[in-house]
Structure formats: structure tokens, C-alpha cells
Amino acid sequence: MRVGILGCGAIANIITNFAMEGKLGVEIKFFYDRDMERAENLASQVDGRVVLDLEDMLNHVDLVIEAASPQAVEKMVPPILKAGKDVIVMSVGGLMDIKVRSKLQKLAKENNCRIYAPSGAIVGLDGIKTASLGKIERITLVTRKPPRSLGITTEKETILYEGKASEAVKKFPLNINVAATVSIAAGQEIDVKIIADPQVDRNIHELEVVGDFGEFRTITRNLRCSMNPKTSVLAAYSAIKLLNSLNENLLVGT
């Protein structure tokens, strides 16, 4: 399987490093980014090719990884789907808009391709998807990050947001993909609290789910990417695992 990458930031760097080490079950061959230098740097590591326009790669790949921004999901994923190519969406916040999500699902169905959203920087997603078959009474997500990761400076714990996931994604589009992922998996909008905490050095997500199945709680303490403190290493790993699973004969989990 040949894969192209849209957006050559922290996540693309980790994926490319795995490809260099022979730990990726697919070929990463094409790179697109508005910053040509970033794209050229990654392409040179795997004998890949930089394209000046996203559509220049679509005749040569089977799948595209979107790792750019929520805006890219709305503007650049449609041509990928129209070309009949599968896409992995890392900027899951871009799928929170029901109109955008419905449009992309319609395009995928019409062109016989798939949209994948990895589990990202959180654990427990399989449980949420399974629990959604019954009645989920309550889902809450508390995200706690170092102030720098949230783009602010403060010396004390500060609650930056408390409310629904859709508004959280609008206010913190590059920081709260987890809220979108959980909401889509659950089939309902979740309650979110975002805290800037100078006492922590990791991105922490506390999830509580209560329903007719019982209840569960998870805490994920993520190491941040050195290139971008807003991005968790686990998010990149989830994309890599998804890529490798496309060629596996034994699949574990929902």
C-alpha cells in the first residue's frame, strides 16, 4: 500500500521515523505541506517525493494521512475522497461539525472509500464504542495540560473551559481532538473541562463513562512530542498502529 502525507509536522515526523526503521507495513512515498522545506526534509528520509499540489499525489497513492489542521479536513479531504482514496483524519476536531462530517461520509460512500479516525491521545475508545450500543448516561472528559501547550502563561491552575465538546473544539482547535474523537465514538456530545496546570509536564486526559453497562474511568498521561508540545506521542502511535492493522489478518478490539 502506498501512502501520502498531508501536513508534515510532529505526527508526520514520527510516522516517517517508523518508516525509516522498517516498522511500518506500508510505503510512505508522497508529502505535501505549505512549508516546502518541511515536506522536503521528510521526503528525503524515505526516498519520497514532494508534491506542489495535493492532487498531484492522488493518482499514485492508496491512502492519505491528514495531519495538518481542522481546516484542512473541510477543504482538502473532499478531493481525496472524490479520487476514491481512503483517508486517515488526525485533526478529528474537523469532524465535529455535523455538516462537514455528513458531506465527507456521503463522498466516501459515493466513491467506495473509507475515512479512518485513530484513537489518538486517549485510551478507552473501544469501551466507549461498545457501550454506545446501549445507553450512555454520562461522559465527562477533563484535559489537563501545561500552560505552554495551551498557548498561555500562568503560575496557578486555571480552568480555561467548561462545557460541551463542540465549543471546546472551536476554542482550542489544535489542543482538544480527544473531545471530538470521544464524542464521535459515543454518538453524543460529551462534557469537557480544560485546565492549564503549571504543575504537570504531560498532557493528561481523565475520562469517565457511565451507562447501562456499568461504568469505567481512564487516565492517560501522555508524553508530548518534542517538535510540538500540543501533540501527544500516543496520537502518532495510534495512526501507525492503524496503518499496520490494514494489512493484519488478526484484529483485536472493536
Side-chain angles (χ1 to χ4, degrees), residues 6-15 33-35 38 65-77 88-98 100-101 117-125 128 139-186 189-208 218-239:
L6 161 61
C8 298
I11 287 176
N13 268 267
I14 293 175
I15 293 172
D33 194 288
R34 287 184 297 180
D35 184 332
R38 293 205 309 182
I65 302 170
E66 176 283 314
S69 68
Q71 292 75 24
V73 174
E74 180 177 3
K75 296 179 180 179
M76 304 188 79
V77 169
I88 293 178
V89 174
M90 299 304 300
S91 306
V92 186
L95 297 175
M96 274 299 289
D97 186 319
I98 187 62
V100 172
R101 190 161 78 245
S119 55
I122 198 167
V123 299
L125 208 62
I128 292 171
I139 303 183
T140 58
L141 172 70
V142 178
T143 289
R144 187 181 299 268
K145 293 189 175 187
R148 181 184 167 215
S149 295
L150 292 161
I152 69 166
T153 301
T154 181
E155 296 182 357
K156 63 178 182 178
E157 181 181 302
T158 305
I159 297 175
L160 299 182
Y161 177 81
E162 194 165 6
K164 293 297 183 181
S166 59
E167 284 301 312
V169 168
K170 291 177 184 177
K171 291 179 181 293
F172 303 91
L174 302 179
N175 281 280
I176 202 66
N177 278 317
V178 165
T181 302
V182 174
S183 293
I184 294 170
E189 195 167 358
I190 69 169
D191 295 310
V192 178
K193 181 186 289 187
I194 303 173
I195 302 171
D197 188 345
Q199 301 302 312
V200 303
D201 61 356
R202 301 187 180 189
N203 298 334
I204 302 172
H205 303 290
E206 302 176 41
L207 180 69
E208 181 180 16
T218 69
I219 299 178
T220 312
R221 295 183 174 91
N222 288 298
L223 290 176
R224 296 170 291 150
C225 293
S226 57
M227 282 187 61
N228 184 352
K230 298 175 183 178
T231 301
S232 298
V233 173
L234 190 64
Y237 284 179
S238 73

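The two residues Ala165 and Ser183 have their closest heavy-atom pair at CB-OG, 3.3 Å. The two atoms that bring His205 and Ala121 nearest to each other are CD2-O, 3.3 Å, heavy atoms only. Summarising the geometry of Ile194 relative to Ala168, their closest heavy-atom pair is CD1-CB, 4.2 Å, with the distance given to 0.1 Å. Residue Gly120 comes nearest to Ser238 through the heavy atom pair N-OG, 3.1 Å, listed as atom of the first residue, atom of the second, then distance. For Leu150 against Phe172, the heavy-atom pair with the smallest separation is CD2-CD2, 4.3 Å. The minimum heavy-atom distance between Leu125 and Ser119, with the atom names listed, is CD2-CA, 3.6 Å.
Remark: Glu74 CD is loosely packed, at most 12 non-hydrogen atoms of other residues, nucleotides or ligands lying under 6.0 Å away.
The side-chain heavy atoms of Val73 and Glu66, taken from C-beta on, include a pair separated by under 4.5 Å. Side-chain contact between Ile152 and Leu160 is present, with heavy atoms from C-beta onward closer than 4.5 Å. In this structure, the side chains of Val178 and Thr220 stay at 4.5 Å or more apart for every pair of heavy atoms. Using a 4.5 Å heavy-atom cutoff, the side chains of Pro146 and Val200 are in contact. By the 4.5 Å heavy-atom criterion applied to side chains, Ile88 and Pro118 are counted as neighbours. Contact check for Ile204 versus Arg221: side-chain heavy atoms found under the 4.5 Å cut-off. Looking only at side-chain heavy atoms (C-beta outward), Leu174 and Pro70 come within less than 4.5 Å of each other.
A salt bridge does not link Asp197 to Lys145: none of the charged nitrogens lies less than 4.0 Å from a carboxylate oxygen. Under 4.0 Å is where a charged nitrogen must lie from a carboxylate oxygen, and between Glu157 and Arg144 at least one such pair does.
Checking each of Ile219, Thr140, Thr218 against Leu207 for a side chain to side chain contact (heavy atoms under 4.5 Å, CB included) leaves exactly one that passes, namely Thr218. Applying side chain to side chain contact (heavy atoms under 4.5 Å, CB included) to Ile65 and the options Ile11, Ile15, Leu6 leaves one that passes, Ile15.
The line from NZ of Lys164 to NZ of Lys170 is 14.0 Å long, rounded to the nearest 0.5 Å. Atom OG of Ser149 sits about 13.0 Å away from atom CZ of Arg202, to the nearest 0.5 Å. To the nearest 0.5 Å, atoms OH (Tyr237) and CG (Leu223) are separated by 8.5 Å. One finds the OG atom of Ser232 at 9.5 Å from the CD1 atom of Ile14 (value rounded to the nearest 0.5 Å). Rounding to the nearest 0.5 Å gives a distance of 8.5 Å between CD of Glu162 and CG of Asp191. The CG atom of Leu141 sits 9.0 Å away from atom CD of Glu206, with the distance rounded to the nearest 0.5 Å.
No side-chain donor-acceptor contact under 3.5 Å links Asp33 to the backbone of Arg38. The backbone N or O of Gly93 sits nowhere less than 3.5 Å from a side-chain atom of Ser91 that would complete a donor-acceptor pair. In this structure, the side chain of Arg224 engages the main chain of Asp201 through a donor-acceptor pair within 3.5 Å.
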Audit row: Asn175, Thr143, side chain to side chain contact (heavy atoms under 4.5 Å, CB included) steps and yes/no: CA-CA 9 Å; Asn175 281 280; Thr143 289; over 6 Å; no

